[in-house]
Amino acid sequence: MVGAIALVFLVIVPLILPVSRLQILGRFLSLAIVALGIDLVWGYTGLLSLGHGIFFALGGYALAMNLSLQLPEGQIPEFFSLYGVEKLPWFWAPFNSFPFTLLAIFVIPAAIAGLLGYVVFRNRIRGVYFSILTQAALVVFFNLFNGQQKLINGTNGLKTASAELFGGQVGSPDVQFKLYMLTIVLLVGAYVLCRWLTGGRFGRLLVAIRDDEPRVRFSGYDPTAFKVLVFAVSGAIAGIAGALYTVQSGIVSPQYMDIAFSIEMVIWVAVGGRATLVGAVLGALLVNWARVLLSERFPEVWLFFQGALFLIVVTVLPDGIIGWFRSGGVNQVRSLLGMAPPVSTFPAVDLNEEIQREREIVQQKDS
Amino acid sequence: MSMQFNRRKFLILGSATAGSVLLKSCASPSSDSGSGDGGSSTSGGGDGDTIKVGILHSLSGTMAISETTVVEAEKLAIKEINEAGGVLGKQIEAIVEDGASDWPTFNEKAIKLIDQDEVVTVFGCWTSASRKAVKDTFETKQHQLWYPVQYEGQECSKNIFYTGAAPNQQIEPAVDWLLENEGTEFFLVGSDYVFPRTANTIIKAQLEANGGTTVGEDYLPLGNTEVTPIITKIKAALPNGGVIFNSLNGDSNVAFFKQLQAAGMGPEDYPVMSVSVAEEEVRQIGPDFLKGHYAAWNYFQTAETPANDKWVADFKAEYGDDRVTNDPMEAAYVMVYFWKMAVEAAGTTDIDAVRQAAYGLTFDAPNGLYTMNPNHHLSKTVRIGQIREDGQFDIVSSTPGPVDPLPWNQYVADTKGFSCDWSDPEKGEKFEA
Amino acid sequence: MQGVFDVLFNGLSIGAVLLIAALGLAIVFGLMGVINLAHGELMMLGAYTTFIVQNAFKPLGDSPLFSAYIFVALIAAFFVAAGVGLFLERQVVRYLYGRPLETLLATWGVSLILRQFVRSVSWSIAIGLVLFSLLFWGGQWVLKRRLDWNQLKAKALTILLPLSSAIAIIGGVVLNANKALAKPWFSARNIDVTAPSWLRGGVNLGSFQFPVARLFIIGLTILCLLGTYWFLQKSAWGLRIRAVTQNREMSACLGIPTNTVDALTFALGSGLAGVAGCAVTLLGSVGPNLGANYIVDAFMVVVVGGVGKLIGSVVAAIAIGTVTYLLGSGYLPLWMTQLGLTETLQPLFDFFTFFSTTSMAKVMVFALIITFLQIKPAGLFPQKGRTVDA
C-alpha cells in the first residue's frame, strides 16, 4: 500500500509537475517526515513536544555547514568577513568531512533530544510541564543561533543553493529532482521505521506509557528509558527532515526555531490523526497545501484559518481526519444530509421493547 | 477485519484526493492582480497588452508593518505610470506575492514569480536576510531585483539594483556629523541581526580612523522590550553624557525611547542618532519620546522640493490624509520609475538590455536629483533630521550635492580599495580600484 | 554598594513586569490546570483597550483629567479582557477541562485568531460578527424555548451555523465595498500609546533616578497581588474557587455551582492579563504581536514558582528578573574587575562577558531555569499532597 503511493509520487508526479513545483512538494514531504517523528512521541507516547524545531534546524544546519565549507583550501565562508572573523570557529572543522556530516544530521539532534529528554523525564516532569520546557529549550536555541552572528551568521542563516551536491549545484533542477526522490525514499524509510517501532511490544509499551505511566512503572518497566529513547529517535527523524528541507528551500535560518513553527508541526499531526502514522503524513501535506493556497491569495485569512483549524481539530475532530473516517464519519455526513444511513438491522434487538427503553434512558443521560 | 478494509479504502481514496488536490494547487497559476484596488491593472493576464512585474514583500508576519507601506508606494508609482500611458505602450500588471516575513518563503515566491508568472522584473524585499535569501535565485536565473531599503553594503550583485542608501550615504555621514557637533564618545545599540551588526562594524572602524571612541555596544533580540540592562550599560559607559548610535528596528525602538526618557536621559546629554527610525516609526513610538533626537536618511517628508510636494499630496490623496511618507517608501517609488526609464531607454524588457540602459539615468525624485551608477546604487543627497513635536523632521544638515554610493566599505580592512562597476564586464562585482 | 542597590531595584522592576504578566496565568493554570496560550493575546487586548481609552480622552487636551485616563484604561482593560476570557471559557475551554494538552492547542488557535483579528478588524467585520452572533446565538435562544429542543438540537445547529455564517459573511462582503467601513481600525501597524506626562519622567533620590513608570508598575503589581490574595482568601467566591480546586465533586455536592466558579476563575485570570497589557504599554510597543513577547517568560515564572501558590510566582518573578538584569547589564564581569578577580578566574570572567549581552542573557536565564527544575521539578513551592501525579 505504502509502496504504491510512494511509487505514484516517484514516477507519476514528476512527469506532470515542473521541477520548481516539485521542489515545493518535496519540501512538504520533508515536513511530513517531521510529522512522523512528532506522531511517534505525541500520538503514541503522549509527549507533546513544542520544541521539534530545534532538531529540525540542527539537522539543517549540519548539512548547510558542510555545504558552505566547499571552498578552496584556507578560505572561510564569505559571511565571516562581515563581522571581522578571520579564523574558522572550531566547531566548524569536523563538518569538512561529508561522512561526518551525514552522521551529524541525525546523531546531533538525537543526542540533544536524548539529553533534553533525560534531564526532563528523569525528574518525572510530564504533560504540560514537558511541553513548556521543550518550548523553553526552543527559545534557548533560537536566541543562541540568532545571537551568534560571528559563529553561525545569525538571522541570515546559511545558504545552500550554490554548493555542489550529487555532482551538480544544489539549486539546479537536476539535483532538486534527485533530492525529491531521496525525500520520498527517506519518507518511506521513516514510515517503515515508525511502523516497526510502534507495531511490536515496544509500540505497545509506548501506548501504555501514554495511557497510564504509573502502571507501567509498577509493572516493572522503566518508562524513563523508553521515553528518552523514543524522543531521541523522533529528534533524529526531525534532523533528517530538516536537512532535506534545507537543501530544497536553499536556506537554513533560526526561523526554523520559531515558536509558531514548532506548534504548527503538532497541528499537522492533529489534523491527520494522532497515533496513525498515515495521518501525520496526510496532515502535513494537507495543511501546508492549504497554507500555500490561502496565503498566496488572501494572506490575511491564513491566520484565521489556522486558528480555526486548531479549534476544530481539538473540539470537533479530536482524532483527526483518519480517526474520523475510521469512526464512521462518512455515515455522519450522510445522515446530516438526510440520507438514510446504511444500517444493518437487528430485528431481534430493534423490536425488543425492553432494550429500546434502556437505550433511550442511556441516550437521555448522555445528552 | 472491516476496520482494516476501511482503512485501506480510505488510504486509496485519501491519497488519491490529496494527490490530485496537490497537483491542482501546483498547476493552477495563482496570480493576484494586486494592483486591483489601485484601479491600475487592466483585465486579462499578461497577454500582449500588459507587462508583468513582480512585487515581493511581506504582507503578513512581523515585517508586514514596514513592508506594506513600501508596497503602497510601488503600487502608486505603477498606477501613475499606467495612467500616463504605461511602458512601451503597454500597461504594467503587478503580481503581488507575500514573503510572510520568512526567508525561505521569499525564495520560494521569487522562483514562482520568475518561472511561473514570467515577470520581467521584481520589486521587493526589506530585510537583508530576505534579500540574501533570494540573491542566489536572481543570479542563477539571470533575473532582476530592485531593492528599496538602506542596508549594510558589502554587496554588489549584477542582478540587484539597490535604491536605498549604501552605508556611505547614511551611516558614515551621520557619524561624521555627530563627531563634529555632538561628541566623540559613542555607544552603539542595535537589534540582533545583520544590518546593525555590520553597521556597527563599520562605525567602529570609522570612529577609530576619525578620532572617536566606541565605549560600548549591545544588541537586543528582535521583539524584546526589556531594555533596562542596556540603559544601565549606557549610563555606566557614558556617565556624563555622550552619543548613542541606534540601529534598533521598529518594535524595540518604542521600548528603548520610552525607557530612555524614564531614566532621565534626554537628548541634551544623550542625543540618539537613529538609522531605522523614519516618519512612520516616529508616529508609532510617539513624538513626545523622540523630540530632539536625530535620524539620518536621504529623504524626509519635510524635504523642500517641488517633486516632494507633489508626491506627498498624491500619496495622501491615494491612501489617506493621516499617512506619512518616508525614505524607504520614496526609494520604492523611485525605483519603479528608474525601471520604467531603463525599459524605455532600452526599448525592450529584456533583462540584460534594461540593466545596461539603466546606468547613468537620472530622475527628479522627491529628494532631489538621483543618478543610477554602474555599481547599481543611486547617487543621492544625505540629510540629517531632528525630530519635532509634530513627528516630522527639521532638516539640520544636508550634503551640498548628491553623494556617490560606495557599496564596498572603505573603512573596513577587508574591502578597502575595492569598488564595483557592472558597465564593464572586466571589472564586475569587486575589483581593486 | 550602589551597584547592589541598582541590581536590586532593576531586578525588582523587571520582575514586577514578569509577575503582572504571569499573575493571571498563575491563577488559571494553578487553580484550574488550564494552559492558556492566548494569555498574551488577552494582554494585547488590554493594551488596545488602553489605546482606545486614550483616544477617547484626547479631546480633553492637556488637562489633568487626561492624565487620569490610565486609571480608566486599567479598569476598562480588566473588563474587556475578562469579558473575552469569559466568552472563551464558555465556548471553548470548558469542553476541554482535564485535557491540558488539548487546551494548549485550542488556546494557541484562539491566540492566532485574536492576533489577526486586531489586524484586520474593521466596521464591516465587526458588523458581520454582530450579525452572526445575533443569528446564531439568538436563533438558539429562540429555539431553546421549544420543548423538543433536545431532539432538534443537532439538526438546528447544522442549519443555523452555516446559515448564519453565510448571511454574516455576505453582509460583511457587501459592507466591505464601502471604503469607510472596510478601513481597518488598527491595521497591522503598531499603535502609539503615550503615557500621561506624570508617568514619564523619573524621581531623583540622591544620585539615583527611579523611572516613574517602573514604580507605577511595581505599585500596580503589588495592588493586583493583594487584591487577588484578598479575593481568593477572604471573599465568599474565593472560598468557593479554592473549594472547587481542592475537590470538585465534593464542592458540587455541597451546592457550589462549579460551572460558574470555573467561568469566574477564568475571567479573573483573563482580566488580570488585561491589566498587565495596560501596564506594559508604559514600557514598550503596542502591536498585534505584543502578547507573543511575554507569554513564554510568563510561563517560566509560573513553572519555576510552582503551580498553585501565588507566593511561588512572586519569588520566581523577582528571581528571574534579578538574574536577567545581573547577567544582561554586565555587572558580574565589572565586579570581578573591581575585586581584582579577573586574573585568577579568567575562564569565569570570559564566561560572564560572553553572556553579558541581552540576547545571551536570555539564553543563560532559560538554561538556568531548566537546570533549576532538575533540582526542584515541581518548582519553588510545590503543592503538597498525595495526588501530585494527577
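Each chain gets a letter, A, B and so on, in the order its sequence line appears, and its residues count up from 1. Side-chain atoms are counted along with the backbone in the values below, which use heavy atoms only and exclude waters and symmetry mates.
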Considering all heavy atoms of both residues, which atom of [X] and which atom of [Y] are nearest to each other, and what is their separation?
| X | Y | result |
| --- | --- | --- |
| C:L101 | A:S131 | CD2-OG, 3.6 Å |
| C:P100 | A:V128 | CB-CG1, 3.4 Å |
| A:F310 | C:G109 | CB-CA, 3.5 Å |
| C:K362 | A:V139 | CE-CG1, 4.2 Å |

Is it the side chain or the backbone of [X] that comes within 4.5 Å of chain A heavy atoms, both, or neither?
| X | answer |
| --- | --- |
| C:I113 | both |
| C:F354 | side chain |
| C:L105 | both |
| C:F117 | both |

Contacting region of [X] [heavy-atom separation from chain C under 4.5 Å]:
| X | result |
| --- | --- |
| A:V120 | backbone |
| A:Y129 | side chain |
| A:L309 | neither |

So, taking the atom named [atom1] in [X] and the one named [atom2] in [Y], what distance separates them when rounded to the nearest 0.5 Å?
| X | Y | atom1 | atom2 | value |
| --- | --- | --- | --- | --- |
| A:F305 | C:Q116 | CZ | CD | 14.0 Å |
| C:I295 | A:Q135 | CD1 | CD | 8.5 Å |
| C:I369 | A:L133 | CD1 | CG | 9.0 Å |
| A:L303 | C:L114 | CG | CG | 11.0 Å |
| A:N143 | C:M364 | CG | CE | 13.5 Å |

Does [X] have more than 12 heavy atoms from other residues, nucleotides or ligands lying within 6.0 Å of its [atom1]?
| X | atom1 | answer |
| --- | --- | --- |
| A:F261 | CZ | yes |
| C:Y97 | OH | yes |
| A:R215 | CZ | no |
| C:W185 | CH2 | yes |

Could you go through residues 265-275 of chain A and list every donor-acceptor pair under 3.5 Å that involves a side-chain atom there, pairing it with any protein atom two or more places apart or in another chain?
from, atom 1, to, atom 2, distance (Å)
A:R274, NH1, C:E102, OE2, 3.4
A:R274, NH2, A:P318, O, 3.2
A:R274, NH2, C:E102, OE2, 3.4

**Message:** Please determine whether side-chain contact (heavy atoms from CB on, under 4.5 Å) holds for the pair C:W108 and A:E264, giving the CA-CA distance in whole Å, both sets of side-chain angles, and the decisive distance to 0.1 Å.
**Reply:** CA-CA 10 Å; C:W108 175 258; A:E264 224 177 282; over 6 Å; no
**Message:** Let's go through C:L373 and A:N123 carefully: what are the C-alpha distance in whole Å and the side-chain angles of both, what is the deciding distance for side-chain contact (heavy atoms from CB on, under 4.5 Å) to 0.1 Å, and is it a yes or a no?
**Reply:** CA-CA 8 Å; C:L373 290 174; A:N123 288 309; over 6 Å; no
**Asked** Between C:S111, C:G33, C:S120, which has the largest tally of heavy atom pairs under 4.5 Å with chain A?
**Response** C:S120
**Asked** Can you tell me if A:Q306 uses its side chain to pair, donor with acceptor, with the backbone of C:L112 under 3.5 Å?
**Response** no
**Message:** Counting heavy-atom pairs under 4.5 Å with chain C, which one of A:I263, A:L50, A:N146, A:L116 comes out on top?
**Reply:** A:I263
